[in-house]
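Reminder, nothing fancy here: chain letters follow the sequence lines and each chain counts from 1.
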Amino acid sequence: MSVMNILSTQKQELAALIQSALEQLVAQGELQVADLPEITLEIPKDKAHGDFASNIALVLAKPAGMKPRDLAEKIAALLSTQEMIEKIEVAGPGFINFFLTKQWLYDVLDVIETQQLNYGASNYGNGEKLLLEFVSANPVGPMNVVNARAAAIGDTLANLLKAVGYDVATEYYVNDAGVQTEIFARSLLARYRQLEDPSYPFPEDGYPGEYVADLAKRLKAEAADFDQMDEAEQLEYCRTWGIDQMVESQKQDLQKFNVEFDRWFREQDLHKANKLEEIIQLLTERGYMYEAEGALWFRSSDFGDDKDRVIIKNDGTYTYVTADIAYHYDKLKRGFTKLIDILGPDHHGYIARMKAAVQALGYPEDALEILILQYVALLRDGKQVKMSKRAGEFITLQDLLDEVGRDAARYFFVMRSLDSHLDFDLTLAAEQSNENPVYYIQYAHARICSILAQAEQQNIPVKSIEAVDCKLLNHELEIDLIKKLAELPDEILTAAVERAPHRIASYALELAGLFHSFYTHCHVLGEQDALRDARLVLVNCVRIVLQRVLRLMGISAPERM
RNA sequence: GCGCCUGUAGCUCAGGGGAUAGAGCAUCGGACUUCUAAUCCGAGUGCCGCAGGUUCGAAUCCUGCCAGGCGCGCCA
């Protein structure tokens, strides 16, 4: 069954009707084809083309040796008496356009009222255990804007995957072993020494950022016995304590960004538990390892990688790939059958080698899916913000939160597809004006809350859908609004399955737009009681759905603005 | 040289086999004694990078080319 046909019962019913009409034509000998294709229905862009449209006659025309319009007419004739169909038209080259009776729309309101903030959920994922890893920024520096984009997108995607029935866990992999942590330790120790002796040399390859000096000051204040240690102990202390501090501050920044992980996985834990040795042994047993040029290699080219990868360097140490393979093996051993990693654009070369590793370990290739996020360019006043890591000049997640705020930042990161290089306009994002789409959406929510609050003040209850006359909701703008509400389940499913969280951002904007239009042209309070009550139900459903999509994106839904 | 991503309205981007290609911003003109004007209504805008191919039908799929971004380490 195709993705598009899973959720909406109206679509399913209609597809079933078309199916039986086709079967009837075949039985009557009017349609001669080997087998019938899957029925797909789309919601036409143009309202004049009905509630749903089918291209089935176009698809079948050739195999059946018929003119598409003739076939369409035959199908339409068989369906026109159906109860749920108000009108049926054959249009264009042979499309069949279905106009349904309004009842299916009013049923949507009923579903929303029942399901509340669960509206749009489904069981597509069937409870499959899925692990989503994202951000995993290096713990030796502050998080940058690509990390921030990954955080916003990963968190939204996690919410979407949960909504469609996956058993989702999120994880942040902390690279707390390896060369860069040693450089970090030396940088921190040098800054510490410089507190006493400003001429103390800073390592040439050290990390220049201000944050290292800040850490050194805290080290001075907090670690009383530090000066009693010998240099090796000091370096080790700088490494473990310093990394812990960095991880802690990353956690806090992400928390402010409304992103929390189920687990922060430490690379060190793999080393301590000899997981790297274990993986090497396993791959050796399976025959994918060989020695050459004084190093140990993984034959990843057996699985389509460009070349084989070094696992143990000729100096006896491991490469990062070794730990990464061990990490992914650990994930799989924990029972996750679907692994998704969100990585930055500089890691695309990594896909082939990790997929090779997963296969070499005996798991299917698609057990691992790697999503590559494209770059973020920051603009301020229309000009690109230049950043230099060397000079310690860069915009961090923290800076971003200070400058534009959490809601705007999250929306801007989520609103573009992963593949798209993102131009993030700081000036626009920080602006609390009509140019800013976040506020446009939130404002719609706030307006509804205001209506509901005033209704409450006037002792007008929001009645249950069964207690109001839905048929009064027949204004064109009301119908448009309800149709948009009806699209949410498909929209959530598509966004989750296609890994396209930006679709939710667009949906939210469209729904808000339809509401604002409705708000201007249709009043709620002050209308005759029956209409007022029906509109209160509608407006309340819009509020629920707006809150639902904002929550999926990790954005707040303010009641007043 | 090889790989990944991108090329659609003045700008930022949707649409990823279907009907006349969309939105926001920008530009111009209207709408507040009535539930929040952070809003609404109206107006113009396109060789969908180029060239072939597949198809009843291509912005969409395939091939080649052009342009931009990013990678291609016994760094992570």
Discussion item. Nearest 0.5 Å, please: how far is CG in A/Asn436 from OH in A/Tyr411?
Written reply: 9.5 Å

Worksheet entry | Under 5.5 Å and under 30°: A/His502 stacked on B/A14 | no

Fill in: Contact nearer the 5' end of RNA chain B, comparing A/Ala91 with A/Val524
A/Ala91

Worksheet entry | Side-chain-base donor-acceptor pair under 3.5 Å for A/Tyr320 and B/A76 | yes

Worksheet entry | B/C62 to B/U45 separation - P atoms, rounded to the nearest Å | 33 Å

Worksheet, complete the sentence: Here the distance between atom C1' of B/U39 and atom OH of A/Tyr439, to the nearest Å, is 17 Å

Worksheet entry | Residue mapping more 5' on RNA chain B - nearest nucleotide basis, A/Ala295 or A/Ser506 | A/Ser506

Worksheet entry | P spacing across the pair B/A31 / B/A37, given as an integer number of angstrom | 16 Å

Worksheet item: Okay, side chain of A/Tyr519, backbone of A/Ile448: is any donor-acceptor separation there less than 3.5 Å?
Response: no

Worksheet item: Taking atom CZ of A/Arg69 and atom CG of A/Leu58, what is their separation to the nearest 0.5 Å?
Response: 10.0 Å

Practice prompt. Flag the pair A/Phe298 / A/Val321 as yes when at least one side-chain heavy-atom distance between them is below 4.5 Å, and no otherwise.
Written response: no

Discussion item. By a 5.5 angstrom centroid cut-off and a 30 degree plane limit, is there stacking between A/Tyr375 and B/G69?
Written reply: no

Item to complete: Kindly say whether, by distance alone, the side chain of A/Asn55 makes a donor-acceptor pair under 3.5 Å with the base of B/G18?
Response: yes

Discussion item. In whole Å, measure the gap between the P atoms of B/G7 and B/U34 for me.
Written reply: 46 Å

Practice prompt. Decide, applying a 5.5 Å centre-distance limit and a 30° plane-angle limit (both strict), whether A/His523 stacks on B/C35.
Written response: yes

Practice prompt. Could you work out the separation of B/G24 and B/U8 based on their C1' atoms and round it to a whole Å?
Written response: 15 Å

Item to complete: Please state how far atom CD in A/Glu527 lies from atom P in B/U34, giving the value in whole angstrom units.
Response: 16 Å

Worksheet item: Of the candidate nucleotides B/G18, B/U36, B/C13, which contains the atom at the shortest distance from the side chain of A/Arg560?
Response: B/U36

Response to the item:
A/His516 has its side chain closest, among B/G69, B/U39, B/C13, to B/U39

